[in-house]
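The first residue of the sequence shown is numbered 1, and numbering continues consecutively from there.
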Amino acid sequence: IVEREWPNGAPITAPAIRKAYRLALDVKWLARRVLSPQALAEYEKVEGQAWAEYQKATATARAEYEKATAPALASLLRAALKGDDR
């Protein structure tokens, strides 16, 4: 994927990293291999803060998702356990 998207090498820029995220590339894999322990800890602090904000921002949507999907899953699981898994 990297060679296809960046045939001349991937630049180390915020836009390139965002693109790598969209492509589902494990950007942290590279970070764990090239950053010093101190730099990795600094990144993980920022990452933790961003994750907490993401969790806060998506909590309502996650609750609505669970409310919408739980009845269907419960019904299908009951049927499967009774041997009627359609």
### Message
Do Lys56 and Trp51 form a cation-pi contact, if we require the NZ or CZ to be under 6.0 Å from the six-membered ring centre and within 45 degrees of the ring's axis?
### Response
no
### Query
What distance do Gln49 atom CD and Glu47 atom CD have between them, rounded to the nearest 0.5 Å?
11.0 Å
### Message
How close do Pro11 and Ala16 get, counting heavy atoms only, and between which atoms?
### Response
O-CB, 3.3 Å
### Message
Return the CZ to CG distance between Arg78 and Leu73, rounded to the nearest 0.5 Å.
### Response
10.0 Å
### Query
Hey, any chance Leu40 and Val46 share a hydrophobic cluster, counting ILVMFWY side chains that come within less than 4.5 Å of each other, even indirectly?
no
## Note on the structure
Separation between CG (Leu35) and CG (Leu30), nearest 0.5 Å, reads 7.5 Å
### Task
For residues Ala10 and Val2, report the shortest heavy-atom separation together with the two atoms involved.
CB-CG1, 4.5 Å
#### Entry: Interatomic distance, Leu23 atom CG to Arg4 atom CZ [nearest 0.5 angstrom]
7.0 Å
### Query
Take atom CD in Glu5; do more than 12 heavy atoms of anything else shown fall under 6.0 Å from it?
yes
### Query
Transitively linked via ILVMFWY side-chain contacts under 4.5 Å: Trp6 with Ile17?
no
#### Entry: Side-chain (Thr69) to main-chain (Tyr65) donor-acceptor, under 3.5 angstrom
yes
### Side-chain touch Arg62/Lys67, heavy atoms, less than 4.5 angstrom
no
### Message
With a sphere of 6.0 Å drawn around CD of Gln55, does it hold more than 12 non-hydrogen atoms of other residues, nucleotides or ligands?
### Response
yes
### Task
State, with a plain yes or no, whether a side-chain heavy atom of Arg32 is found less than 4.5 Å away from one of Asp26.
yes
